[in-house]
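Nothing here was measured: the structure is a model prediction, and the numbers come from that model. These values consider heavy atoms only, across backbone and side chains, with no hydrogens, waters or symmetry-generated copies.
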Amino acid sequence: MHSNRDKEEMDSGGEIEGGGDENEFPSSAVRGRKYSPVVAHDSDRAVLEMSSIDPRSSSSPYSKQDLKKGKVNMQPDVASDGSMPNHSVNGPQRESKLELFGFDSLVNILGLKSMTGDQIQAPPSPRDGGDVSIALERPRPIAVKSGTLMGVFVPCLQNIMGIIYYIRFSWIVGMAGIGESLLLVAFCGSCTFLTTISLSAIATNGAMKGGGPYYLIGRALGPEVGVSIGLCFFLGNAVAGAMYVLGAVETFLDAVPAAGILRETVTRVNGTDIAPITRPSLHDLQIYGIVVTILLCFIVFGGVKIINRVAPAFLVPVVFSLVCIFSGILLARNGRPAAGITGLSSESFKDNWGPAYQRTSNAGIPDPNGKIYWSFNALVGLFFPAVTGIMAGSNRSASLKDTQRSIPIGTLAATLTTSALYLVSVLFFGSVATRDKLLTDRLLTASIAWPFPAIVYVGIILSTLGAALQSLTGAPRLLAAIANDDILPVLNYFKVVDGGEPHVATFFTAFICIGCVVIGNLDLISPTITMFYLLCYAGVNLSCFLLDLLDAPSWRPRWKFHHWSLSLVGALLCIVIMFLISWTFTVVSLALASLIYYYVSIKGKAGDWGDGFKSAYFQLALRSLRSLGASQVHPKNWYPIPLIFCRPWGKLPENVPCHPKLADFANCMKKKGRGMSIFISIIDGDYHERVEDAKAACKQLSTYIDYKQCEGVAEIVVAPNMSEGFRGIVQTMGLGNLKPNIIVMRYPEIWRRENLIEIPATFVGIINDCIVANKAVVIVKGLDEWPNEYQRQYGTIDLYWIVRDGGLMLLLSQLLLTKDSFEGCKIQVFCIAEEDSDAEGLKADVKKFLYDLRMQAEVIVISMKSWEGQGEQQESIEAFSAAQGRIASYLGEMKERAERDKTPLMADGKPVVVNEQQVEKFLYTTLKLNSTILKYSRMAAVVFVSLPPPPANHPAFFYMEYMDLLVENVPRLLIVRGYRRDVVTLFT
């Protein structure tokens, strides 16, 4: 509630002059209020304050003339001495009811705008340094909105009550009989009724934009399904225009026979009776149909305003013609007004109760030698277009006052009204004429109408032309709506800029319509329309079924008379009707929709519309995660989930988010590409200052992952330093059993550089964190030489299996063999035996173990005795001597510093314990192992070796020297450390 002063200010204050930009504030939300800049500090220049101020007050920093200029600069006023005039710490000194929230940009930019139903992007961060301005223009005139009656009910009624009722319905009653005609109406009507229920639920779940059912289906089932069904619905509307044109032309030629250019006579044979029947020529239908289509297209090019002005006039002839038809039925007598008319008679009702399926000519005239045999299934395809048109209201959603109220009420009212009309008409038509009259008089409605049959002809022609005009108007706009969503680049030609008319799409629609008019057969066109409409209706029902079944938090439709079971029955009913009509047409329509879906999934641009499939995936993931629990996964179900450390040592250029070969290596850790990788990078600094850098880096890294076609996600963490960032990652990343279980990073070969002295401590800290967190570690040395998918490798994959690692090293080697790059390699397993006597037994045990694991590998056992006796490689000795010298020098510096500062030995900021004999042993062990690797595996495609843990209270510099000596001169090496669990199993 506003105070009196607020009310006075609202009455006296004018509105902000806003332009027509889609991101402007709604006038109803800002009336009487001014949005003026507030300066908090330099980093918050883009924040807006909503305050109740008098626009005539001198406290406003902008005058009325400034506002009329069209732009308000957000730069603060700065005095000559650099101070902010008349500003407090948090903003200008002025009264405000929302002072506490005045500095939150979400209040003004997102909060108010989101209430209008338009989804807008979040504003840029105030710290990006950009200037923010608000464009102020005069408001555009508000378009006239339609209500439930004229906006939904009347358009639906006009589209449903079409040509089929006037020139085919009495014929259907004569062919199927009263009983099966009632069943036919109930069967088809129940399909559209259930679809209307689903449509009402989706339409009342939020605001709607243009596109009609395409918009609803696309936002519920995703862009691929939406575009495929939307294009089929577009074709259905375009073909429906041809059907209405042919119906109008046929009616005109029957009413004015002299207008026919090439009329033809069909001979009807019924037993021994031979009767000539005159009908319009196919060429007449084609000629007049093309001319009428071109004239209608000229009207469509005139714009939707002209169409809306004449649209109500089409309803009056329809209503008046219905009154004439039912008046004629009630007043009809035997033989009047024409032969075959019996009046409302119980005898006619009994005679016409059962079906009389038979062969007819293409024009529907009974003929024993006719090409078409009619059955109930065929009549479903012929009659179903008479119950379509329920989407007419949703197609006009942009021009409705209240879509969430008008669409359910108007559509359901039109559906129930027409269904009741059809049921009553079946009883009346079946009781008022003989069967022969029903089958031969295609315009029985005009013959029986009272007082003037010509009124029905006029009503038929105007109603069908109006329906054709609506189809030729709606179809191009549907195609333009699909093109404007920018999903398919091939549809860019049909885009409409700045709300213009879809002229190119209209040309394309007219081309399709004329092509169908050339066919000239209404009975062949009708099943085609039926299939496309049924596809759309099935899509609406499936959309509601999926949304209702998932019951996401955002699914809160105002229409409560719905249930997922009704939507499922509606979808199944649509599919059953499709197959009842024609297997051929059904397969062709489904194949066309599938081809469009496949094309969109390959060529279309990715779009996330919050569809139901994404919600289903999310709920399935949550359910699967809960079912996995927190207990350990059985080794048979264990999958590697690597956490890829993208930029740990800063060697890459700033614009390169990840080493190009890391994604290739991550793919090598998956079987047939299945699995998930987490690509992580750490940015040093304060989170509040570098949050925008983190977002940009995450987007860049995600683009890189997609480019490398690696199944994974990107995560960027801002931390004071790399060690703190990694420690937080290793503790919190993942959920339940979907936490990363392998840490992958490249070996820091550049750690000796003077500007990278922190690498040893960071490297050792990461390994220790992984050991404490029970994570496996894979360190890649020689990443630059790692092969891509096109570089075939030959030779061996050598495993130096020194410690028990749960089988991780064996599993990774097997995963490498599944890749094209390494499928030509063989595995060799090297084991170390302490005594010669243990060598044979160890070899037999390892072979049996590998056999049980279904692994083919050659086992080589090296005893410690032979190890002592072998000669070292010359390059290994040189590396050993150099390492000894550097360690001695580093140790001397440590001792000198400790003596000078009177402190214990310190390294990396913490006390250490150095046992020089132990250091020599460590160096000697790595020397021997490196010599063995160079002796046996110099030509190996890749070498695996166990990762030794960092000794406790040991200088990180020493550990790096051990590691350097271990990997010396080995071009491609994977250093692996497992964790306290098995990842392979012997049992089936």
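- Annotation for L157 and A414: closest pair N-CB, 4.2 Å, computed over non-hydrogen atoms.
- Remark: side-chain polar atoms of T148 are not paired, donor with acceptor, to backbone N or O of G410 under 3.5 angstrom.
- D441 meets the salt bridge (charged side-chain N to carboxylate O under 4.0 Å, His left out) test with K437; sequence neighbours excluded.
- With hydrogens and angles ignored, the 3.5 Å screen pairs a side-chain donor or acceptor of Y422 with a backbone N or O of A386.
- Shortest non-hydrogen contact noted between G174 and R435 is O-NH1, 2.6 Å.
- Partners of P476 by side-chain contact (heavy atoms from CB on, under 4.5 Å), not counting sequence neighbours, listed by chain and number: P502, A505, T506, T509.
- Of the inter-residue distances, the one linking T411 atom OG1 with F153 atom CZ reads 10.5 Å to the nearest 0.5 angstrom.
- Residues I581 and L382 have side chains not in contact (no heavy-atom distance under 4.5 Å, counting atoms from C-beta outward).
- For Y357, the side-chain contact (heavy atoms from CB on, under 4.5 Å) criterion is met by M175, A176, E180, P355, Y373, F376, L379, not counting sequence neighbours.
- Donor-acceptor pairing under 3.5 Å is lacking for the side chains of T192 and T415.
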- Under the side-chain contact (heavy atoms from CB on, under 4.5 Å) criterion, do L534 and T388 qualify, and how do the steps go? CA-CA 9 Å; L534 283 170; T388 59; over 6 Å; no

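- For Y537, the ring-ring contact (aromatic ring centres under 6.0 Å, His included) criterion is met by no residue, not counting sequence neighbours.
- The distance from the CZ atom of R477 to the CG atom of L472 is 10.5 Å, given to the nearest 0.5 Å.
- Aromatic ring centres of F384 and Y533 lie farther apart than the 6.0 Å criterion allows.
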Take N237 and S471 through the side chain to side chain donor-acceptor pair (under 3.5 Å) test and state the conclusion after the steps.
CA-CA 5 Å; N237 278 275; S471 296; 4.7 Å; no

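- Within the 4.5 Å cutoff, the side chain of L444 has heavy atoms near those of the I341 side chain.
- G539 and I229 make their closest contact through CA-CD1, 3.8 Å (heavy atoms, listed as atom of the first residue, atom of the second, distance).
- Shown here is F561, whose CZ atom has no more than 12 heavy atoms of other residues, nucleotides or ligands within 6.0 Å.
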> When you look at Y457 and V256, which way does the side-chain contact (heavy atoms from CB on, under 4.5 Å) test go after all the steps?
Replying inline: CA-CA 10 Å; Y457 284 101; V256 187; over 6 Å; no

Original post:
Does the pair S394 and L199 meet the rule for a side-chain contact (heavy atoms from CB on, under 4.5 Å), with working shown?
Top reply: CA-CA 9 Å; S394 62; L199 174 68; 4.3 Å; yes

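- Taking all atoms of both residues into account, the shortest heavy-atom contact from S463 to I460 is OG-O, 3.0 Å.
- For S447 (side chain) and L443 (main-chain N/O), a donor-acceptor pair under 3.5 Å exists by modelled atom type.
- L330 places a side-chain heavy atom less than 4.5 Å from the side chain of L344.
- Residues L421 and S425 meet the side-chain proximity criterion, which asks for heavy atoms closer than 4.5 Å.
- Using a 4.5 Å heavy-atom cutoff, the side chains of S346 and S431 are not in contact.
- Centroid-to-centroid, the aromatic rings of F383 and F169 come within less than 6.0 Å.
- Side-chain contact check for T418 versus V387: every heavy-atom pair is 4.5 Å or farther apart.
- The ring-ring contact (aromatic ring centres under 6.0 Å, His included) check on H503 picks up F301, with sequence neighbours excluded.
- Annotation: the span from T204 atom OG1 to Q404 atom CD amounts to 6.5 Å, rounded to 0.5 Å.
- F193 places a side-chain heavy atom less than 4.5 Å from the side chain of L412.
- Between the side chains of N334 and T342, no donor-acceptor pair of N or O atoms lies under 3.5 Å.
- The CD1 atom of I217 sits 9.0 Å away from the CG atom of L535 when rounded to the nearest 0.5 Å.
- The only member of V517, I287, V292 that meets side-chain contact (heavy atoms from CB on, under 4.5 Å) when paired with V249 is V292.
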Please tabulate, one pair per line, all N/O donor-acceptor pairs under 3.5 Å involving side-chain atoms of residues 318-329, not counting sequence neighbours.
residue	atom	partner	partner atom	Å
S321	OG	Y166	OH	2.8
S321	OG	P317	O	3.0
S321	OG	V318	O	2.6
S327	OG	V323	O	2.7

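- At a cut-off of 3.5 Å, with distance as the only test, a side-chain donor of N541 or S198 sits close to an acceptor on the other residue.
- The shortest distance between side-chain heavy atoms of V185 and S181 does not fall below 4.5 Å.
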